[in-house]
Colleague: 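Once you've had a glance at the structure underneath, I'll fire off some questions.
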Amino acid sequence: MYKNLLLAIDGSATNAKTIDYAIKLAKRFDAHLTGLYLVPEFSPPATVGLYVTADIKANVDRHEQEQADKVTAGFKAAAEREGIAFDARTDTGYQMDFAKMLAVHGRYADAIIVGQPGDDGVMLDPGDIVLASGAPVIIVPYIGAPATAAERVMVAWNASKEAARAVRDAMPVLEKAEAVDVVSFRPKSTETGHGDLPGADIALHLTRHGIQVDVETIEGKDIDVGNALMSHVADRGSDLLVMGGYGHSRLHEFVLGGATRTILQSMTVPVLMTH
């Protein structure tokens, strides 16, 4: 079971929705939830750096600390209302290093929860966090998550080692889910190891864990995988998508190719991604 969850908290307008989802997940698994706020180190442009006085730096640092205190207080209040086990912490560094910093903290958690990148707040690249942390990363849509948390799960399966790792990392979620659907798009048994009957082997594996699985294979040659996958999520009423990631540093190079970029731009449910 997931017993130790890490949540990235920030001052963005949509972060409250991410916090709400993380609390729901913590309650579902009776897990401890840590809220981490990353405080940006003052780093003025080189062209003006010589003109920055100690007083200016102190004022900026004080403002950033006040923001950190405000955001962490909001997280604590929300967690206390729901009666979960939690703690809040901060770390300080350059904003360009935030994804790496979060990943390091995430190595001591069962899963990391972050918000989908939006137009405001701290811009964390989920792909960089997935690659660096060694933990599953759950990305929450900026429009908010469904009312349920990880009750009806869809697995995007392509028989790759990345997809297999995602299934293993998501096993606590899958074992507790009320419904699990596995979807494969244009599977090729000789190239990806799908077996004679695509989906049958992964279904058997999950069944041996006591998980009831529905498997669907989609063969359309011209299908837009990303949009088709999100359509299946909507049709099935799934509230979580599980998928793996390839070993590249940008989201558009992840598993399912360009489909992942589509999913992470237009996601309507949380996505659990691992590498």
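What you see is a predicted model, and the numbers here were worked out from it, not measured in a lab.
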Colleague: List the steps and the verdict of side-chain contact (heavy atoms from CB on, under 4.5 Å) for Val140 and Gln116.
Modeller: CA-CA 5 Å; Val140 182; Gln116 179 188 20; over 6 Å; no
Colleague: Side-chain contact test, heavy atoms from C-beta onward, threshold under 4.5 Å: evaluate it for His194 versus Trp157 and give yes or no.
Modeller: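 Yes - at least one pair of side-chain heavy atoms lies under 4.5 Å apart.
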Colleague: Report yes if the side chains of Leu36 and Thr90 come closer than 4.5 Å at any heavy-atom pair, otherwise no.
Modeller: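 No, their side chains stay 4.5 Å or more apart.
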Colleague: Is any NZ, NE, NH1 or NH2 atom of the basic residue among Arg152 and Glu178 found under 4.0 Å from an Asp or Glu carboxylate oxygen of the other?
Modeller: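 Between Glu178 and Arg152 there is no salt bridge, as every charged N stays at least 4.0 Å from the carboxylate O atoms.
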Colleague: Using a 3.5 Å distance criterion without hydrogens, assess whether the side chain of Lys24 forms a donor-acceptor pair with backbone atoms of Thr148.
Modeller: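 Looks like no, no N/O pair under 3.5 Å.
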Colleague: Can you label the angle between the Phe75 ring and the Phe86 ring as parallel, tilted or perpendicular, going by 30° and 60°?
Modeller: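 Plane angle over 60°, so perpendicular.
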Colleague: Quick one: does Phe185's side chain get under 4.5 Å of Leu229's, heavy atoms only?
Modeller: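 Heavy-atom side-chain distance check passes, below 4.5 Å.
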Colleague: Of the options Val167, Val215, Leu174, which is the one that meets Val182 in a side-chain contact (heavy atoms from CB on, under 4.5 Å)?
Modeller: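 So the option named by the test is Val215.
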Colleague: Taking the basic N atoms (NZ, or NE/NH1/NH2) and the acidic carboxylate oxygens, is any pair closer than 4.0 Å for Asp169 and Arg165?
Modeller: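 Between Arg165 and Asp169 there is a salt bridge, with a charged N closer than 4.0 Å to a carboxylate O.
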Colleague: Are any non-hydrogen side-chain atoms of Ile129 and Val114 less than 4.5 angstrom apart?
Modeller: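 In short, these two side chains touch, coming nearer than 4.5 Å.
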Colleague: Nearest 0.5 Å please: distance from the CG atom of Asp239 over to the CE atom of Met154.
Modeller: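 Result: 11.0 Å between the selected atoms.
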Colleague: Can you name the closest pair of heavy atoms from Ala150 and Leu240 and give their distance?
Modeller: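 Minimum heavy-atom contact is CB-CD2, 4.1 Å.
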Colleague: His209 versus His205: any side-chain heavy-atom pair under 4.5 Å?
Modeller: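 A side-chain contact under 4.5 Å exists here.
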Colleague: Are any of the side-chain nitrogens in Asp87 or Arg89 under 4.0 Å away from the carboxylate oxygens of its partner?
Modeller: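 Yes, charged N to carboxylate O under 4.0 Å.
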Colleague: Can you tell me how far CE of Met171 sits from OH of Tyr2, rounded to the nearest 0.5 angstrom?
Modeller: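 Between atom OH of Tyr2 and atom CE of Met171 there are 10.0 Å.
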Colleague: Using the rule that two of Ile, Leu, Val, Met, Phe, Trp, Tyr join whenever any of their side-chain heavy atoms come within less than 4.5 Å, decide whether Met267 and Tyr142 are in one cluster.
Modeller: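 No, Met267 does not connect to Tyr142 through the hydrophobic network.
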Colleague: Can you measure from CG (Asn158) to OG (Ser184) and round to the nearest 0.5 angstrom?
Modeller: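 With rounding to 0.5 Å, CG (Asn158) is 7.5 Å from OG (Ser184).
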Colleague: Counting only heavy atoms not in Met1, do more than 12 sit closer than 6.0 Å to its CE atom?
Modeller: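 Correct, the count exceeds 12.
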Colleague: Check step by step if side-chain contact (heavy atoms from CB on, under 4.5 Å) holds for Ile112 and Val130.
Modeller: CA-CA 9 Å; Ile112 303 171; Val130 169; over 6 Å; no
Colleague: Do Phe98 and Pro40 come close enough that some side-chain heavy atom pair is under 4.5 Å?
Modeller: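 The answer is yes, as the side chains (C-beta and beyond) meet within the 4.5 Å cut-off.
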Colleague: For residues Ala26 and Ile84, report the shortest heavy-atom separation together with the two atoms involved.
Modeller: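 That closest heavy-atom pairing would be CB-CD1, 4.2 Å.
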Colleague: Rounded at 0.5 Å granularity, tell me how far CD1 in Ile23 sits from OG1 in Thr18.
Modeller: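 Between atom CD1 of Ile23 and atom OG1 of Thr18 there are 11.0 Å.
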Colleague: Are the side chains of Glu151 and Arg28 in touch, meaning some heavy atoms are under 4.5 Å apart?
Modeller: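 Glu151 vs Arg28: side chains touch.
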Colleague: May I ask you to say whether Asp181 pairs ionically with Arg236, meaning some side-chain N is under 4.0 Å from a carboxylate O?
Modeller: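 Salt bridge between Asp181 and Arg236, a charged N being under 4.0 Å from a carboxylate O: yes.
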Colleague: Checking Asp61 against Gln65: is there a side-chain donor and acceptor pair closer than 3.5 Å?
Modeller: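 There is no such pair between these side chains.
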Colleague: Would you say the side chain of Val173 lies within less than 4.5 Å of the side chain of Val153, judging by non-hydrogen atoms?
Modeller: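 Of all side-chain heavy-atom pairs linking Val173 with Val153, at least one is under 4.5 Å.
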Colleague: Are Ile218 and Met230 in one and the same hydrophobic cluster, where Ile, Leu, Val, Met, Phe, Trp and Tyr link if side-chain heavy atoms are under 4.5 Å apart?
Modeller: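 Looking at the clustering, Met230 is in the same group as Ile218.
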Colleague: Assess whether side-chain contact (heavy atoms from CB on, under 4.5 Å) is satisfied between Ile113 and Ile19, documenting all intermediate values.
Modeller: CA-CA 9 Å; Ile113 305 168; Ile19 292 174; over 6 Å; no
Colleague: Heavy atoms only: give me the nearest Ile9-Tyr37 pair and the separation to one decimal.
Modeller: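 Closest pair (atom of Ile9, atom of Tyr37, distance): O-CD1, 3.4 Å.
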Colleague: Hey, could you give me the CD1/OG1 distance between Ile143 and Thr268, rounded to the nearest 0.5 Å?
Modeller: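 Ile143 CD1 to Thr268 OG1: 6.0 Å, rounded to 0.5 Å.
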Colleague: Working note: Leu272 + Met243, criterion side-chain contact (heavy atoms from CB on, under 4.5 Å); need CA distance, chi angles, decisive distance, verdict.
Modeller: CA-CA 6 Å; Leu272 188 155; Met243 59 193 302; over 6 Å; no
Colleague: When you look at NZ of Lys3, are more than 12 heavy atoms from neighbouring residues, nucleotides or ligands closer to it than 6.0 Å?
Modeller: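 Counting neighbours around NZ of Lys3, more than 12 heavy atoms of other residues, nucleotides or ligands fall under 6.0 Å, so yes.
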Colleague: I need the Asn15 CG to Lys17 NZ distance, nearest 0.5 Å.
Modeller: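 It comes to 11.0 Å.
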Colleague: To check you understand the geometry: which heavy-atom pair defines the closest contact between Arg107 and Ala132, and what is its length?
Modeller: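 The answer is NH2-O, 3.0 Å.
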Colleague: Pro146 and Pro270: which non-hydrogen atoms are nearest, and at how many Å?
Modeller: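 That would be CD-CD, 3.7 Å.
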Colleague: Kindly give the heavy-atom pair with the smallest separation between Glu64 and Val39, and that separation in Å.
Modeller: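 Of all heavy-atom pairs spanning Glu64 and Val39, the closest is CB-CG1, 3.9 Å.
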Colleague: Does any N or O in the side chain of Ser231 come within less than 3.5 Å of the main-chain N or O of Asn227, such that one atom is a donor and the other an acceptor?
Modeller: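 Answer holds: no.
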Colleague: Should we count CD of Gln212 as having more than 12 external heavy atoms under 6.0 Å?
Modeller: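 Atom CD in Gln212 is not packed in, count stays at 12 or less.
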